[in-house]
Amino acid sequence: MANHIVLYQPEIPANTGNIGRTCAGTDTTLHLIRPLGFSTDDKMLKRAGLDYWNHMDIRYYDSAEQFFEKTEGIYYLLTKFGGKFYSDADFSNIDEAHYFIFGRETSGLPEWIMESYADNALRVPMNDKIRSLNLSNTAAILLYEALRQQGYRELH
């Protein structure tokens, strides 16, 4: 499938578990860039989605550099500082791998990644009353927009 969720050094096990559940239900590959802020044995991770992990394609990387060396496709950064709305991006090409990259919950993505892929920095609209949207909610919004554009009505 054309879609991939990438979590750079995730810190909150429940977010990763919830995203894992969404990935399992949509045949989306989950990429985790270490270090993780939790053990994959963490009870919060298990409660949120670990029981679905046997249905997932999950890949681990020791660094962001290793991730970029081993993957190929279009990289989209998700940040409140994105230059365009996620709904304005074109994810319709199912022959191209689409990587939706999310930063750490507390500090985001490294500056070099933000600079390297600034043209593909996307955001979800929100007001100024909150600092950010929940990571797992944002991942689901992006993923389902990509699936909508790709014409998926039913996943098997």
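The shortest non-hydrogen separation linking Y8 to G108 is CD2-O, 3.9 Å. What you find for T28 and N3 is that their closest heavy atoms are CG2-O, 3.4 Å. Scanning all heavy atoms of the two residues, the minimum distance from L30 to M56 falls at CD2-CE, 3.5 Å. For H98 against Q150, the heavy-atom pair with the smallest separation is CD2-NE2, 3.6 Å. In this structure, P10 and F38 approach most closely via the heavy-atom pair O-CE2, 3.5 Å. Among all heavy-atom pairs drawn from F85 and L122, the shortest one is O-CD2, 4.3 Å.
I12 places none of its side-chain heavy atoms less than 4.5 Å from the side chain of T16.
Residue L36 is grouped with residue L135 when hydrophobic side chains (ILVMFWY) are merged at heavy-atom distances under 4.5 angstrom, including chains of intermediate members. At a threshold of 4.5 Å between side-chain heavy atoms, the hydrophobic network of Ile, Leu, Val, Met, Phe, Trp and Tyr places I33 and I58 in two separate groups. Hydrophobic cluster membership is shared by V124 and I130, with clusters built from Ile, Leu, Val, Met, Phe, Trp and Tyr side chains linked at under 4.5 angstrom. Note on I74: it does not cluster hydrophobically with F68, by side-chain heavy-atom contacts below 4.5 Å among ILVMFWY residues.
Exactly one of L109, I19, L78, V6 qualifies for a side-chain contact (heavy atoms from CB on, under 4.5 Å) with F102. That residue is L78. Exactly one of Y75, Y86, F91 qualifies for a ring-ring contact (aromatic ring centres under 6.0 Å, His included) with F100. That residue is F91.
At a cut-off of 3.5 Å, with distance as the only test, a side-chain donor of E11 or T106 sits close to an acceptor on the other residue. Inspection of the H31 and Y99 side chains reveals no N or O donor paired with an N or O acceptor under 3.5 Å.
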Practice problem: Take Y61 and R59 through the test side chain to side chain contact (heavy atoms under 4.5 Å, CB included) and record every step on the way to the result. | Solution: CA-CA 7 Å; Y61 305 89; R59 302 175 190 184; 3.7 Å; yes
Exercise. Give the intermediate values and the outcome of side chain to side chain contact (heavy atoms under 4.5 Å, CB included) for residues D90 and Q149.
Key: CA-CA 8 Å; D90 182 1; Q149 289 185 26; 3.7 Å; yes
Exercise. Carefully, step by step, assess N18 and T22 under the rule side chain to side chain contact (heavy atoms under 4.5 Å, CB included).
Key: CA-CA 6 Å; N18 287 329; T22 300; 5.7 Å; no
Quiz item: Does the pair N134 and T138 meet the rule for a side chain to side chain contact (heavy atoms under 4.5 Å, CB included), with working shown?
Solution: CA-CA 6 Å; N134 176 272; T138 304; 5.9 Å; no
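Checked by atom type and distance alone, the side chain of R123 never pairs as donor or acceptor with a backbone atom of K80 at under 3.5 Å.
Around the CG atom of D119, the shell of radius 6.0 Å holds no more than 12 heavy atoms that belong to other residues, nucleotides or ligands.
Rounding to the nearest 0.5 Å gives a distance of 9.0 Å between CZ of R131 and CE of M126. A distance of 12.0 Å separates CG in L32 from CG in D62, rounded to the nearest 0.5 Å. Here CD1 of I101 is found 10.5 Å from CD1 of I5. Values are rounded to the nearest 0.5 Å. Atom-to-atom distance recorded for R148:CZ and S92:OG is 10.0 Å, nearest 0.5 angstrom. Here the CG atom belonging to N137 is positioned 10.5 Å from the OG atom belonging to S132, to the nearest 0.5 angstrom. Going from atom CZ of R34 over to atom CG of L7 covers 13.0 Å, rounded to the nearest 0.5 Å.
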